[in-house]
Amino acid sequence: MKANLLLLVSMVVLGVLGVCQGGSLRKKYYKSACPLAEEIVQKVTWRHVSSNPNLPAKLIRMHFHDCFVRGCDGSVLLNSTANSTAEKDAGPNLSLAGFDVIDDIKSQLEKTCPGVVSCADILALATRDSVSFQFKKSMWEVLTGRRDGKVSLASEALANIPAPVFNFSSLKQSFASKGLTVHDLVVLSGAHTIGVGHCNFFSNRLYNFTGKGDADPSLNSTYAAFLKTKCRSLSDTTAVEMDPQSSRNFDSNYFAILKQNKGLFQSDAALLTNKGARKIALELQDSADFFTEFAQSMKRMGAIGVLTGRAGEIRKKCSIVNV
């Protein structure tokens, strides 16, 4: 009896772990139903990146924000309705961009394989392919088979997306709630090697860190002086490179500037306040190590709370649920 009970418990635990790791996601999920799917995604994505080198940063951010709310189900792509405000209209998502690229890819896929490829998979693949354009090879493996969610709530985005003012404890808790480790937290923060941040999300570090008109003492003073020339006030919304002089190159330079106390957000600087996280960050200054670890962490993030099998749907248009 005890043996049978132990076996049952083990099966339940393994089942739960299976869901956490992506359930039925697998390589080349569309090989039979839409053999050209991944080729089409890459072709369209690379065409867009060739004319918009800022796109990789935008799609990584969109994919991250999608996965942290209801899992990687494409819910961030849905438009608000008369009765409900969607995730994309929540404060943290108002500066998201790249929706037109996802719509373009979906349009091309619908011409080739109508009703087959999910918007959630398109976002995961396009994110990988946009970053890979720089290297002309795939930088990480994307398992596919996600289905699209039918619910998108701005309130859930506010509750689940980690804020740029988070300290280490809050960051660790946020990532742990999604089944991700401190290692994943540090590695994925490396995505800040590309893209920009807006002054209003970090200018408190320059002008009013503790509410007394002071600066954040952990911020490199020379860098702080430079940032003040870009961000003139607490309400300034000017865009600033997160990785100065290297914001369009996906590399490990983020960890080099982090070591110099030049992390732009409070959440960047927070990585240095924990001994374990700091050790990981210093090790990731090596590009080869960073690329290897980033590939693994992106694979884990892309498996958060996915819908597979008969759950969800395959949207005909990524911005609206099927009727």
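Quick note: numbers below take in every heavy atom, side chains included, and nothing from hydrogens, waters or symmetry partners.
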- Task: Indicate yes or no: at least one non-hydrogen side-chain atom of Phe64 is less than 4.5 angstrom from one of Met301.
- Result: yes
- Message: Is it true that, when you exclude Glu141 itself, more than 12 heavy atoms of the residues, nucleotides or ligands shown sit nearer than 6.0 Å to its CD?
- Response: yes
- Task: Could you please spell out the steps behind the side-chain hydrogen bond (donor to acceptor under 3.5 Å, both in side chains) verdict for Ser169 and Asn167?
- Result: CA-CA 6 Å; Ser169 178; Asn167 60 23; 4.7 Å; no
- For the hydrophobic clusters of this structure (ILVMFWY residues joined by side-chain heavy atoms under 4.5 Å, transitively), does one cluster hold both Phe68 and Leu78? no
- Item | Straight-line distance of Gln42 CD to Leu125 CG, nearest 0.5 Å | 10.0 Å
- Checking Thr308 side chain against Arg146 main chain: does a donor-acceptor pair fall under 3.5 Å? no
Identify every side-chain donor-acceptor pair in residues 315-323 under 3.5 Å, counting partners at least two apart or on other chains, and give the distances.
unit_1	atom_1	unit_2	atom_2	d
Arg315	NE	Gly149	O	3.4
Arg315	NH1	Gly74	O	3.0
Arg315	NH1	Cys318	O	2.9
Arg315	NH2	Asp73	O	3.3
Arg315	NH2	Gly74	O	3.1
Arg315	NH2	Gly149	O	2.9
Asn322	OD1	Lys316	N	2.9
Asn322	ND2	Ile314	O	2.9

- Under a single-linkage definition using a 4.5 Å side-chain heavy-atom cutoff for Ile, Leu, Val, Met, Phe, Trp and Tyr, are Phe99 and Val117 assigned to the same hydrophobic cluster? yes
- Asn83-Thr81 side chain donor-acceptor pair, cut-off 3.5 Å: no
- Message: Ignoring hydrogens and geometry beyond distance, is a side-chain donor-acceptor pair present between His48 and Asp104 at under 3.5 Å?
- Response: yes
- Any sub-3.5 Å donor-acceptor pair from Ser247's side-chain atoms to Pro244's backbone N or O? no
May I have the list of side-chain donor-acceptor pairs in residues 269-276 shorter than 3.5 Å, sequence neighbours left out?
unit_1	atom_1	unit_2	atom_2	d
Thr273	OG1	Ala270	O	2.6
Asn274	OD1	Gly276	N	3.0
Asn274	OD1	Ala277	N	2.9

Under 3.5 Å, side-chain donor or acceptor atoms of residues 254-261 against the rest of the protein: list the pairs with distances, not counting sequence neighbours.
unit_1	atom_1	unit_2	atom_2	d
Tyr254	OH	Asp268	OD1	2.7
Gln260	OE1	Lys262	NZ	3.2
Gln260	NE2	Ala256	O	3.4

- Query: Below 4.5 Å, heavy atoms only, C-beta onward: do Thr144 and Tyr30 meet side chain to side chain?
  - Reply: yes
Could you pull out every donor-acceptor pair under 3.5 Å between side chains of residues 181-189 and any protein atom, sequence neighbours left out?
unit_1	atom_1	unit_2	atom_2	d
Thr181	OG1	His183	N	3.3
Thr181	OG1	Asp184	N	3.1
Thr181	OG1	Asp184	OD2	3.1
His183	NE2	Glu293	OE1	3.0
Asp184	OD1	Ser297	OG	2.7
Asp184	OD1	Arg300	NE	3.0
Asp184	OD1	Arg300	NH2	2.9
Asp184	OD2	Thr181	N	3.0
Asp184	OD2	Arg300	NE	3.4
Ser189	OG	Leu185	O	2.7

- Message: With a 4.5 Å cut-off on side-chain heavy atoms, are Phe291 and Met139 touching?
- Response: yes
- Query: If Ile, Leu, Val, Met, Phe, Trp and Tyr residues are connected whenever their side-chain heavy atoms lie under 4.5 Å apart, and connections chain through other members, are Leu227 and Val165 in the same group?
  - Reply: no
- Just checking, is any N or O donor in the side chain of Ser246 or Asp251 under 3.5 Å from an acceptor N or O on the other one? yes
- Message: Would the distance check show the side chain of Asp66 and the main-chain N or O of Val76 forming a donor-acceptor pair, the cut-off being under 3.5 Å?
- Response: yes
- Between Ser267 and Ala163, what is the shortest heavy-atom contact and its length? CB-O, 4.0 Å
- Message: For the backbone of Gly98 and the side chain of Lys58, can you confirm whether one donor and one acceptor N or O come within less than 3.5 Å of each other?
- Response: no
- Message: Less than 4.0 angstrom from a charged side-chain N to a carboxylate O is my criterion; do Lys43 and Glu39 meet it?
- Response: no
- Under 4.5 Å between any side-chain heavy atoms of Phe201 and Leu264, yes or no? no
- Item | Distance in Å, Leu77 CG paired with Asp103 CG, rounded so as to fall on 0.5 Å steps | 7.5 Å
- Message: Side chains of Glu87 and Ser75 only: does a donor on one sit below 3.5 Å from an acceptor on the other?
- Response: yes
- Tracing side-chain links under 4.5 Å among I, L, V, M, F, W and Y, which residues wind up in one group with Ile161? Val69
- Message: To check you understand the geometry: which heavy-atom pair defines the closest contact between Ala154 and Ala86, and what is its length?
- Response: CB-O, 3.4 Å
- Who else is in the cluster with Leu158 when I, L, V, M, F, W and Y are joined by side-chain contacts under 4.5 Å? none
- Item | Backbone N/O of Cys231 and side chain of Ser203: donor-acceptor pair under 3.5 Å | no
- Query: Salt bridge check: are Arg147 and Glu313 linked by an N-O gap of less than 4.0 Å?
  - Reply: no
- Query: Donor-acceptor pair, Gln108 side chain versus Ile105 backbone, under 3.5 Å?
  - Reply: no
- Query: Hey, is NZ on Lys172 packed in by over 12 heavy atoms from elsewhere, all under 6.0 Å?
  - Reply: no
- Parallel, tilted or perpendicular: which describes the rings of Trp46 and Phe133, with under 30° parallel and over 60° perpendicular? perpendicular
- Query: Is any side-chain heavy atom of Met242 less than 4.5 Å from a side-chain heavy atom of Thr193?
  - Reply: no
- Query: Is it true that Phe290 and Phe250 have ring centroids separated by less than 6.0 Å?
  - Reply: yes
- Query: Atom CG of Leu307 and atom OG of Ser24: how far apart are they, to the nearest 0.5 Å?
  - Reply: 11.0 Å
- Task: Assign the ring pair Phe226 / Tyr223 to parallel, tilted or perpendicular, where the plane angle (0 to 90°) is split at 30° and 60°.
- Result: parallel
- Got a donor-acceptor contact below 3.5 angstrom from the Ser50 side chain to the Arg47 backbone? yes
- Distance col, row Asp129:CG vs Leu59:CG, nearest 0.5 angstrom, shows 10.0 Å
- Message: Nearest 0.5 Å, please: how far is OG in Ser107 from CG in Asp100?
- Response: 12.0 Å
- Message: Please determine whether residues Phe265 and Leu171 belong to a single hydrophobic cluster, defined as Ile, Leu, Val, Met, Phe, Trp and Tyr linked transitively by side-chain heavy-atom distances below 4.5 Å.
- Response: no
- Item | Criterion side chain to side chain contact (heavy atoms under 4.5 Å, CB included) against Leu109, the qualifying member of Val116, Asp121, Leu36, Val41 | Val41
- According to a 4.5 Å side-chain heavy-atom criterion applied to Ile, Leu, Val, Met, Phe, Trp and Tyr, with indirect links allowed, do Ile304 and Leu96 form part of one hydrophobic cluster? yes
- Task: For the pair Asp148 (side chain) and Cys119 (backbone), establish whether a donor and an acceptor sit closer than 3.5 Å, ignoring hydrogens and angles.
- Result: yes
- Short side-chain to backbone donor-acceptor contact, Ser130 and Ala126, under 3.5 Å: yes
- Give a yes or no on whether the backbone of Leu123 and the side-chain of Thr127 come within a donor-acceptor separation of less than 3.5 Å. yes
- Hey, does Arg248 have a side-chain heavy atom less than 4.5 Å from the side chain of Ile194? no
